[in-house]
Amino acid sequence: MLSRCIKLDLDCAAICSLTATLLARGSEHGHHLLKECIEVCNACAEECEKHASMGMEHCRTCAEACRACAEACNNHINQ
């Protein structure tokens with residue numbers, strides 16, 4: 001039941017980590033990843049929200065973190 005959720009969690013963690021690392025060191029490629037990071041974070045949040053509605057509190061927490069990350073990436077694009 002949670003296999004897609006777990007896969008998206010792992011994908012989200014990986015893309016967020018890579019994007020943050022590249023942006024922190026001023027890589028010219030960091031900005032290219034922001035849109036992908038937003039896409040993966042939103043997909044993860046949507047999947048987690050499904051499980052959160054069934055009472056899985058950790059999925060609600062994950063969805064909130066994913067939405068916050070997507071928002072931060074979007075704000076970074078608009079700077």
Side-chain angles (χ1 to χ4, degrees):
M1 176 171 102
L2 292 173
S3 64
R4 183 168 191 271
C5 189
I6 293 166
K7 288 176 185 176
L8 281 168
D9 289 343
L10 294 170
D11 288 351
C12 190
I15 193 71
C16 290
S17 178
L18 177 60
T19 303
T21 298
L22 293 179
L23 290 172
R25 70 172 188 230
S27 170
E28 63 189 79
H29 301 287
H31 290 305
H32 301 289
L33 289 177
L34 287 168
K35 289 183 181 180
E36 185 65 24
C37 192
I38 292 168
E39 184 178 323
V40 175
C41 284
N42 284 331
C44 188
E46 288 173 19
E47 184 66 23
C48 286
E49 286 166 349
K50 293 176 189 175
H51 302 289
S53 69
M54 294 184 283
M56 296 186 181
E57 185 62 22
H58 62 281
C59 287
R60 183 193 61 74
T61 303
C62 183
E64 289 175 1
C66 289
R67 294 284 184 210
C69 184
E71 183 179 339
C73 287
N74 193 47
N75 289 340
H76 198 74
I77 288 172
N78 295 323
Q79 287 181 349

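None of the values given here were measured: they were computed from a predicted structure.
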Enter the distance from [X]:[atom1] to [Y]:[atom2] here, rounded to the nearest 0.5 Å.
| X | Y | atom1 | atom2 | answer |
| --- | --- | --- | --- | --- |
| Ile15 | Leu8 | CD1 | CG | 12.5 Å |
| His31 | Gln79 | NE2 | CD | 8.5 Å |
| Cys37 | Asn42 | SG | CG | 9.5 Å |
| Asn74 | Glu71 | CG | CD | 8.0 Å |
| Ile38 | Asn75 | CD1 | CG | 9.0 Å |
| Ile6 | Cys48 | CD1 | SG | 10.0 Å |

Evaluation steps, salt bridge (charged side-chain N to carboxylate O under 4.0 Å, His left out), between Glu57 and Arg60 = CA-CA 5 Å; Glu57 185 62 22; Arg60 183 193 61 74; 2.3 Å; yes

Heavy-atom count around Glu64 CD within 6.0 Å, excluding the residue itself: above 12?
-> yes

Co-membership, hydrophobic cluster, residues Leu34 and Leu18, 4.5 Å side-chain | no

Going hydrophobic residue to hydrophobic residue with side-chain gaps under 4.5 angstrom, can you get from Leu33 over to Ile77?
-> no

Heavy-atom nearest pair, Gly30 first then Leu23, reads C-CD2, 3.6 Å

Evaluate side chain to side chain contact (heavy atoms under 4.5 Å, CB included) for Lys7 paired with Arg4, printing each intermediate quantity in order.
-> CA-CA 5 Å; Lys7 288 176 185 176; Arg4 183 168 191 271; 5.7 Å; no

Return yes if some donor-acceptor pair links the side-chain N/O of Ser53 with the main-chain N/O of Lys50 below 3.5 Å, else return no.
-> yes

Expected output: side-chain Ser17 to main-chain Ala13 donor-acceptor under 3.5 Å = no

Under the side chain to side chain contact (heavy atoms under 4.5 Å, CB included) rule, what do Asp9 and Cys44 come out as? Steps first, then yes or no, please.
-> CA-CA 6 Å; Asp9 289 343; Cys44 188; 3.1 Å; yes

Begin from the C-alpha positions of Arg67 and Glu46 and carry the test side chain to side chain contact (heavy atoms under 4.5 Å, CB included) through to its verdict.
-> CA-CA 9 Å; Arg67 294 284 184 210; Glu46 288 173 19; 3.5 Å; yes

Apply the test side chain to side chain contact (heavy atoms under 4.5 Å, CB included) to residues Cys12 and Cys66: give CA-CA distance (whole Å), side-chain angles for both, the deciding distance (0.1 Å), then the verdict.
-> CA-CA 8 Å; Cys12 190; Cys66 289; 3.7 Å; yes

